[in-house]
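Everything on this sheet refers to the single structure shown next.
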Amino acid sequence: MKKEIAVEEDYKSPVVLFPRSSSEVNKMARILLEGRSIIVNLTSLEIDSQLRVIDYLSGVSFVIGAKRERLDRSCLLYTSPSPRDPKTS
């Protein structure tokens, strides 16, 4: 059974994500592109998958000007600078 990433509509608080595979990184990036901040907890991923997610989100962050802050060994906060419409980006 595949579980979707839950996204809340409150744009002031970050979305907390617990990815189970690196294939969920596109959904995480889409949330950042919408101008939302995300907290990504990578504890359920293997080290190589953690690195893939971090690399991908680092690239997205660089392009949109988001900031990354390490909260814990496997937990990162990505703060988007402003809301974006992914349809026009």
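Nothing fancy with the numbering, it's 1 onward along the sequence. Quantities reported herein were computed from a predicted structural model and do not represent experimental measurements.
- A 4.5 Å side-chain heavy-atom check between Val25 and Pro19 finds every atom pair outside the cut-off.
- Annotation: the span from Ile31 atom CD1 to Tyr78 atom OH amounts to 13.0 Å, rounded to 0.5 Å.
- Side-chain contact between Leu42 and Ile54: present, with at least one pair of heavy atoms (C-beta onward) separated by less than 4.5 Å.
- No side-chain donor from either of Ser80 and Arg36 sits under 3.5 Å from a side-chain acceptor of the other.
- The backbone N or O of Ser74 lies less than 3.5 Å from no partner atom in the side chain of Asp72, so there is not a single donor-acceptor pair.
- In terms of heavy-atom proximity, Arg20 sits nearest to Glu24 at N-OE2, 3.1 Å.
- The line from OG of Ser23 to CZ of Arg52 is 10.5 Å long, rounded to the nearest 0.5 Å.
- Here Asp48 contributes atom CG and Ser22 contributes atom OG; the two are 7.5 Å apart, rounded to the nearest 0.5 Å.
- Inter-residue side-chain proximity for Arg68 and Leu57 is flagged as unmet; no heavy-atom pair is nearer than 4.5 Å.
- In this structure the side chain of Met28 reaches within 4.5 angstrom of the side chain of Val53, judged on heavy atoms.
- In terms of the side-chain contact (heavy atoms from CB on, under 4.5 Å) criterion, residue partners of Leu71 (sequence neighbours excluded) are, by chain and number, Ile39, Glu69, Cys75, Leu77.
- At a threshold of 4.5 Å between non-hydrogen side-chain atoms, the residues Ile64 and Leu33 count as touching.
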